[in-house]
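Quick notes on the structure that follows.
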Amino acid sequence: MELNDPAVFAARRERLRALMAERGLPALLVTHAANRYYLSGFELHDSQCNESVGWLVILANGHAGGGDLLMTDARFTDAARRLWPQDDLLIYGAGKHKAMAQRLTERGVRALGFDPKAVNVFDYEALREHFELTPASGLVEALRRVKEPAEIELLRAACGLNHRIMRALPDVITPGLSEGEVAWTIERMFRDAGAEGLSFPSIVGVNQNAALPHAIPGETKIPREGLVLVDAGCRLGGYCSDQTRTFWVGRDPSERFQDTKRLVLAAQKAAMEVIRPGAKIADAYHAARAVFETAGCAAQFTHSLGHGIGLETHEGPSLSPAAEGAFVPGMVVTVEPGLYDAAWGGVRWEYMVVVTQTGCAAL
C-alpha cells in the first residue's frame with residue numbers, strides 16, 4: 001500500500017483513537033505540522049515558524065455526528081478539498097477559534113486534548129474560552145516512533161541517495177573552496193540526484209570549526225592539509241536522511257585524526273551491537289561513551305548518541321543517557337558519536353539504522 005493512500009492515514013487515525021480512549025480524551029487537537037501530515041496527508045510543512053497552515057481535530061467517536069475536522073485558511077482550500085470530505089473541512093479567517101468552537105460544539109465536542117509543546121499561549125487562551133482543555137503530549141509521536149514498512153523503504157531510499165553524495169564528496173572538497181561553497185555544491189548535488197530538498201541546512205566545518213557539532217558553513221577555506229566535517233541529508237517522499245562523515249584533505253592524514261576517527265568508529269560499533277529489541281535505549285549511549293571513557297576522552301563527547309528520524313530529521317526516540325524505554329522493531333535512529341576539541345577540530349561519523357527482529361541494520 002502506498003503511503004499517500006487515504007487508507008494509510010485513516011488507519012493511523014484509528015490507532016490514535018485507541019490511545020485517546022486510554023486517556024479518556026473525547027477529542028484531540030493536532031497542531032504540529034508533521035503530526036498533522038502523518039494523520040491526514042495534508043501539508044507536511046507550515047508556511048514559516050510563526051504561521052500555521054492548519055489544524056486537525058481527531059474525534060474519539062470517529063464519524064458519529066461527523067468526521068475528524070481539518071481546518072485551514074483560504075490559501076489551502078483546494079489542496080484540502082483534494083484530501084478531505086467537504087463536510088469535515090473548515091476554512092477559517094480571523095475568527096478561527098470561534099468558528100472552530102461552533103463547528104465542534106455542533107458535534108458534541110466541548111473538551112479537547114492538546115499538546116502543550118505545540119500550542120502557543122495566545123491560542124491556548126483563545127481555546128479555553130470555548131473548551132475544557134486537557135494536556136496530552138506525545139500521542140501521535142508514540143505512533144511515529146515505530147515506522148511502517150513503506151516508511152522504512154522511503155528512509156532507505158533517502159539514505160541511499162545520501163550515501164551516493166557522501167561517496168562523491170572527496171572530489172568536491174578541494175583546497176581553496178569555502179565551507180559555504182561546499183555546502184551549496186552539496187545542495188545542488190542532492191537536487192540534481194532527485195531529492196525534494198535538504199532535510200536540514202548542510203553542516204560543513206573545517207579544522208577547528210568541526211568542533212562545533214552544528215557548525216554554520218562560512219568563509220573558512222578548505223586547506224591543503226586538514227579535516228572537514230560534513231553533516232548533510234535530503235528528503236525523498238517527505239522522509240529524511242541524515243549522515244555525517246569527516247574527511248581528511250591532503251595526502252597523509254595526521255596521526256591524531258586517524259586515532260580520533262578510530263575511536264569514534266569503535267564507539268559507533270559498540271553502540272550498534274547494543275541496539276536490539278528490548279534493549280534499553282540509554283544503554284546504546286552508555287556503550288559508546290564507555291569506549292571514550294576507556295580512552296580517557298569522554299569529556300569530548302558532548303551530545304547524545306543519536307535520534308529518531310522520519311518525517312522530521314530529529315524525532316523520538318533520543319539516544320541520550322536520560323532516555324527512557326526500550327528499542328522496538330521498526331524504529332529508525334541515527335548513531336553518531338563524535339569527539340570535539342575546540343583547539344583542534346572534531347570527528348563525527350553517523351549511520352542511520354533500523355531496529356530489526358534480532359538487532360539493527362544500517363540503512
Would you call [X]-[Y] a salt bridge at under 4.0 Å N-O?
X: R256; Y: D341; result: yes
X: R36; Y: E43; result: no
X: E350; Y: R245; result: no
X: R75; Y: D73; result: yes
X: E22; Y: R15; result: no
X: R107; Y: D88; result: yes

Give a yes or no on whether the backbone of [Y] and the side-chain of [X] come within a donor-acceptor separation of less than 3.5 Å.
X: R235; Y: F200; result: no
X: E196; Y: G237; result: yes
X: W84; Y: M71; result: no
X: S199; Y: S241; result: yes
X: E151; Y: E148; result: yes

Side chains of [X] and [Y]: closer than 4.5 Å at any heavy-atom pair?
X: M189; Y: V172; answer: yes
X: L155; Y: M352; answer: yes
X: C297; Y: L263; answer: yes
X: L69; Y: L90; answer: yes
X: L311; Y: C240; answer: no
X: F42; Y: F9; answer: no
X: L28; Y: V57; answer: no
X: L305; Y: Q268; answer: no

- Item | Modelled atom types, side-chain donor and acceptor of H32 and E312, under 3.5 Å |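 Yes, E312 and H32 have a side-chain donor paired with an acceptor closer than 3.5 Å.
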- Does one side chain, of H303 or E336, offer a donor that lies under 3.5 Å from an acceptor on the other?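 No pair is found: no donor N or O on one side chain lies under 3.5 Å from an acceptor on the other.
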Do [X] and [Y] sit in the same hydrophobic cluster, where Ile, Leu, Val, Met, Phe, Trp and Tyr count as joined when their side-chain heavy atoms come under 4.5 Å apart?
X: M331; Y: I309; result: no
X: F257; Y: V204; result: no
X: V328; Y: L139; result: no
X: I58; Y: V53; result: yes
X: V354; Y: W349; result: no

Count the heavy atoms of every other residue, nucleotide or ligand shown that sit under 6.0 Å from [atom1] of [X], and state whether that count exceeds 12.
X: E255; atom1: CD; answer: no
X: Q102; atom1: CD; answer: no
X: E324; atom1: CD; answer: no
X: K221; atom1: NZ; answer: yes
X: E293; atom1: CD; answer: yes

- Task: Would you please test N35 and E141 for side-chain hydrogen bond (donor to acceptor under 3.5 Å, both in side chains) and show each step?
- Result: CA-CA 7 Å; N35 289 345; E141 287 84 355; 2.9 Å; yes
- Message: Students often mix this up, so state it plainly: with edges at 30° and 60°, are the rings of F301 and F292 parallel, tilted or perpendicular?
- Response: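 Perpendicular, since the angle between the ring planes exceeds 60°.
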- Query: What class does the angle between the rings of H97 and F122 fall in, given that below 30° is parallel, 30 to 60° is tilted and above 60° is perpendicular?
  - Reply: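 H97 vs F122 ring planes: perpendicular.
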- Query: Taking only residues two or more places apart in sequence, or in another chain, which ones meet F190 in a ring pair (Phe, Tyr, Trp, His ring centres under 6.0 Å)?
  - Reply: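 Residues passing ring pair (Phe, Tyr, Trp, His ring centres under 6.0 Å) with F190: none at all.
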Distance (rounded to the nearest 0.5 Å) between [X] [atom1] and [Y] [atom2]:
X: L236; Y: C159; atom1: CG; atom2: SG; answer: 10.5 Å
X: L265; Y: K269; atom1: CG; atom2: NZ; answer: 11.0 Å
X: T134; Y: R23; atom1: OG1; atom2: CZ; answer: 10.5 Å
X: Y38; Y: L143; atom1: OH; atom2: CG; answer: 5.0 Å
X: L319; Y: I275; atom1: CG; atom2: CD1; answer: 5.5 Å
X: I222; Y: S178; atom1: CD1; atom2: OG; answer: 7.5 Å

- Message: Set out, in order, the CA-CA distance, both residues' side-chain angles and the distance that settles side-chain hydrogen bond (donor to acceptor under 3.5 Å, both in side chains) for D242 and T334, then state yes or no.
- Response: CA-CA 8 Å; D242 182 4; T334 66; 5.1 Å; no
- Query: If you take all heavy atoms of G346 and L227, which pair is closest and at what distance?
  - Reply: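 Looking at all heavy atoms of both residues, the shortest contact is O-CD1, 3.5 Å.
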- Which heavy atom of L39 sits nearest a heavy atom of R13, and at what distance?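 In terms of heavy atoms, the two residues are closest at O-NH1, 2.7 Å.
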- Task: Any chance you could lay out the side-chain contact (heavy atoms from CB on, under 4.5 Å) test for R348 and L229, step after step, and finish with the verdict?
- Result: CA-CA 7 Å; R348 184 166 69 250; L229 185 150; 3.7 Å; yes
- Task: Decide yes or no on side-chain contact (heavy atoms from CB on, under 4.5 Å) for V230 and I186, but give the supporting numbers first.
- Result: CA-CA 10 Å; V230 175; I186 290 170; 3.6 Å; yes
- W344 vs T260, side-chain contact (heavy atoms from CB on, under 4.5 Å): CA-CA, chis, key distance, verdict: CA-CA 11 Å; W344 174 74; T260 304; 3.9 Å; yes
- Would you verify whether the NZ or CZ of K96 falls within 45 degrees of the ring axis of W55 while also being under 6.0 Å from that six-membered ring's centre?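 Yes, K96 sits over the ring of W55.
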- Message: Between E179 and E219, does the side-chain contact (heavy atoms from CB on, under 4.5 Å) criterion hold? Intermediate values first, please.
- Response: CA-CA 6 Å; E179 295 166 334; E219 296 303 316; over 6 Å; no
- So, do F131 and F114 have ring centers that fall under 6.0 Å from each other?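 Here the rings of F114 and F131 have centres that are no less than 6.0 Å from each other.
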